[in-house]
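Chain letters run A, B, ... following the sequence lines, proteins first and then strands; every chain starts at 1. The model shown is predicted, which means the values in this text are computed figures rather than measured ones.
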There are 2 protein chains.
Amino acid sequence: MATIHDVAKKAGVSVTTVSRVLNNRGYISEKTRNNVFRTMEELNYQPNELARSLLRKQSNLIGLIIPNVSHPFFSELASYVEYYAYQQNSKVLLCNSHMDPVKEKEYIEMLKRNRVDGIIMGSHTLEVDEYRNLNSPIVTIDRQIDENIPFISSDNYRGGQLATELLIQKGCRKIAHICGNLKLNMLANQRTQAFEELTGRHNIEHVTIQTDMNVFDQKQYEHIIHTLLQEHPDVDGIFSTSDIIAAFAIKECVRAGKRIPEDVRIIGYDDVNAANWIVPEITTVKQPIEEIGRLAIELIRKQLEDESFERQNILPVKLIERATT
Amino acid sequence: MATIHDVAKKAGVSVTTVSRVLNNRGYISEKTRNNVFRTMEELNYQPNELARSLLRKQSNLIGLIIPNVSHPFFSELASYVEYYAYQQNSKVLLCNSHMDPVKEKEYIEMLKRNRVDGIIMGSHTLEVDEYRNLNSPIVTIDRQIDENIPFISSDNYRGGQLATELLIQKGCRKIAHICGNLKLNMLANQRTQAFEELTGRHNIEHVTIQTDMNVFDQKQYEHIIHTLLQEHPDVDGIFSTSDIIAAFAIKECVRAGKRIPEDVRIIGYDDVNAANWIVPEITTVKQPIEEIGRLAIELIRKQLEDESFERQNILPVKLIERATT
DNA sequence: ATTTATATGTCAATCGTTTGACATGTCAAA
DNA sequence: TTTGACATGTCAAACGATTGACATATAAAT
């Protein structure tokens with residue numbers, strides 16, 4: 001690959017001059033500028049960003065750690081994160097932690113070795129301390145680690161409320177709730193909290209089932225819902241904390257000969273694209289995925305540029321009524 | 001951040017010694033080694049990969065250019081690519097081209113500036129020449145650019161054959177085929193070729209409809225299928241070249257009051273996870289997505305290490321019969 | 001006593017780029 | 001004629017690591 005020296009030599013100017021046109025500094029005549037640019041094209045020159053980053057102490061890399069991109073929610077998030085990163089000339093390093101603490105730690109160290117400008121954590125399995133002395137800009141999605149580490153989440157409590165209220169209002173008498181692992185200290189647990197408070201207050205029979213949601217084990221989903229329907233055949237409402245699990249709920253209900261929404265009403269969460277192409281279309285609580293992605297990039301940038309920023313970013317959710325309720 | 005000099009000073013040894021323990025070269029006593037490692041931990045030292053990459057002329061970065069990670073096929077592919085990259089200590093730079101030639105070109109240049117070890121192209125909109133003088137290891141997915149650029153695809157012709165044969169064998173009399181934009185020179189077009197040859201040979205009425213499949217415009221899918229069913233109400237078989245479009249086909253058929261598979265038989269392509277959680281479960285032609293991802297990484301590595309490798313990698317497909325046929 | 005393996009250090013170059021300091025020269029305006 | 005804006009060059013240091021060449025020292029083996 002051509003270096004700046006090759007360009008300088010071929011263009012018959014000094015390296016400093018080439019650098020000057022590259023970075024638009026100091027005085028450069030139109031003639032020289034064009035000459036240099038032409039030479040760059042001829043040599044197919046691309047400045048070495050590794051060298052630049054080394055000097056500038058800025059890599060323009062952003063690490064994105066998520067459980068798995070193959071999960072629709074995270075794939076959509078990743079897509080938006082990449083989109084907004086690109087807008088500000090940053091690149092995204094993709095890391096699938098598979099919710100494995102060892103991998104997560106290795107990824108964090110890898111990202112530090114690569115001197116990323118910031119880390120977006122959509123996965124969180126480590127001890128709080130591990131994140132504290134990271135001394136790299138960071139933002140977490142749906143996990144509140146510490147007073148100082150900014151997080152983005154949607155209004156989980158409100159979401160749980162909207163979903164539960166809808167089912168109650170539609171007349172459900174026994175509602176099942178499928179959520180992630182409550183031991184993980186995730187803000188999404190507030191959905192469950194809202195669910196239990198509301199069903200309790202309205203005195204509605206309810207059952208809560210935990211899954212390892214984020215590892216995205218489809219066999220497990222199937223099994224859990226199958227068991228649920230067997231053990232509680234009188235369930236007439238299901239509030240699932242992800243659209244994908246809601247899809248499996250639909251599948252199992254159909255298999256069990258139950259009609260949706262007549263016999264069982266189902267509501268999901270997230271409003272991923274898939275919620276829309278499934279029949280019946282899934283009623284769900286929409287998370288503003290694009291805004292989450294956009295804001296994540298913005299928060300990294302603000303930390304980098306020492307602008308002030310909110311520690312707590314709770315975005316609004318919205319009930320999307322479709323065919324399963 | 002601590003540098004190797006900080007470690008050396010604090011540990012009371014020379015920089016060379018630290019480098020030696022870091023890279024396991026030359027003689028190092030157990031005592032010094034431990035001392036150095038301890039110091040690294042204390043300082044939270046992580047070697048600067050930018051500096052290393054600069055010197056070694058190897059960044060351990062791999063660029064992945066795809067239309068959009070939010071498309072299930074590409075999200076699964078990305079997941080596997082990242083998985084296998086990680087196994088060999090490479091990191092993945094995620095790039096969503098949105099099938100925009102300008103973006104694609106900018107991404108390629110960006111990746112070159114970052115001195116990636118290789119590029120995996122799942123998107124391809126540029127002129128052939130642009131790829132030729134890339135002088136970076138590259139591998140394309142489902143696109144044959146040139147004799148010298150290795151590609152990976154599954155056996156598209158065979159896949160088209162399997163799908164069409166199944167529909168014919170099930171007794172379909174008028175089959176619709178929905179494919180991507182045939183103007184793009186993609187290997188997936190062979191599916192269409194197989195479809196047209198087989199329906200022709202069996203003298204079966206058929207209609208082929210193109211979409212901008214890769215841009216993943218769901219409104220467009222919906223509209224196309226809606227129109228199809230209106231213009232050809234007697235269609236009793238649909239072969240869609242992606243599972244997602246098949247899902248929309250299901251949706252529109254249900255909406256039109258058609259039973260699946262009794263009135264219309266539908267077969268998709270890819271066998272993405274979603275094919276499995278939709279009701280009715282989608283019959284499909286399975287592409288070995290994991291193997292494609294694995295092989296892509298392997299081909300980059302082989303080019304890098306000057307091992308020999310196949311230019312043409314055509315992987316087997318498999319018919320997965322489920323509920324829609 | 002000599003050799004040799006082990007252990008560590010010093011020094012300098014290198015990767016590709018940026019940048020500040022400084023020198024030199026041209027040309028036009030005051 | 002002097003001043004100052006414009007244009008370009010030379011030089012060296014810096015970013016953080018690696019590495020080869022070479023020196024030196026200790027301890028164990030012959």
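- Under 4.0 angstrom from either OP1 or OP2 of D:dG16 there lies no side-chain N or O belonging to B:Arg52.
- A sub-4.0 Å separation between OP1 or OP2 of C:dT8 and a side-chain N or O of B:Ser29 is present.
- Distance CG (B:Leu54) to C1' (C:dC15): 4 Å, rounded to an integer number of Å.
- Going from atom CG of A:Asn114 over to atom P of D:dG16 covers 15 Å, rounded to whole Å.
- The nearest whole Å value for the distance from the CG atom in B:Leu55 to the P atom in D:dC15 is 16 Å.
- Summarising the geometry, the separation between CG on A:Leu22 and C1' on C:dT17 is reported as 9 Å, rounded to the nearest angstrom.
- Nearest-nucleotide mapping onto DNA chain C: of B:Arg115 and B:Ile28, the residue sitting toward the 5' end is B:Ile28.
- Of the candidates D:dT8, D:dT18, C:dT18, the closest approach to any side-chain atom of A:Ile4 belongs to C:dT18.
- A straight line from NZ of A:Lys57 to P of C:dT19 spans 14 Å, rounded to a whole angstrom.
- Taking atom OH of A:Tyr27 as the reference point, atom C1' of C:dA23 lies 16 Å away to the nearest angstrom.
- At a threshold of 4.0 angstrom between heavy atoms, the contacts of A:Val13 are confined to the sugar-phosphate backbone, with no base atom among them.
- A salt bridge links A:Arg33 to A:Glu30: one of the charged nitrogens lies within less than 4.0 Å of a carboxylate oxygen.
- Partner A:Ile62 forms a side chain to side chain contact (heavy atoms under 4.5 Å, CB included) with one of A:Val116, A:Ile120, A:Val139 and no other, that one being A:Ile120.
- Between A:Arg56 and the phosphate of C:dT18, there is a side-chain N or O to OP1/OP2 separation shorter than 4.0 Å.
- Across every strand in view, C:dA30 sits in a pair with D:dT1 that passes the Watson-Crick or G-U test at under 3.5 angstrom.
- Residue B:Tyr45 places at least one side-chain N or O closer than 4.0 Å to OP1 or OP2 of D:dA17.
- Side-chain nitrogen and oxygen atoms of B:Asn23 include at least one within less than 4.0 Å of the OP1 or OP2 phosphate oxygen of D:dT18.
- Here C:dT10 presents its C1' atom at 12 Å from NE2 of B:His5, a figure rounded to the nearest Å.
- Side-chain nitrogen and oxygen atoms of A:Thr32 include at least one within less than 4.0 Å of the OP1 or OP2 phosphate oxygen of D:dT8.
- Taking 4.0 angstrom as the limit, A:Thr17 places none of its side-chain polar atoms (N or O) nearer than this to OP1 or OP2 of D:dT8.
- Phosphate proximity of D:dT18 to B:Ser19: present, with a side-chain N or O under 4.0 Å from OP1 or OP2.
- A donor-acceptor contact under 3.5 Å is formed by the side chain of B:Arg20 with the base of C:dG9.
- Of the charged side-chain nitrogens involved, at least one lies within less than 4.0 Å of a carboxylate oxygen, so that B:Glu49 and B:Arg52 count as a salt-bridged pair.
- A salt bridge links B:Arg294 with B:Glu291: at least one charged nitrogen is closer than 4.0 Å to a carboxylate oxygen.
- The base of D:dC11 sits with one of its N or O atoms less than 3.5 Å from a complementary donor or acceptor on the side chain of A:Thr16.
- Relative orientation of the B:Tyr83 and A:His98 rings is perpendicular, given thresholds of 30° and 60° on the angle between their planes.
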Where do A:Asn135 and A:Lys112 land on the side-chain contact (heavy atoms from CB on, under 4.5 Å) test, with the steps shown first?
-> CA-CA 9 Å; A:Asn135 75 330; A:Lys112 288 176 78 171; 4.2 Å; yes
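- Taking atom NZ on A:Lys112 and atom P on D:dG16, their separation rounds to 15 Å, with Å as the unit.
- Taking only side-chain nitrogens and oxygens, B:Lys31 never comes nearer than 4.0 Å to OP1 or OP2 of C:dA7.
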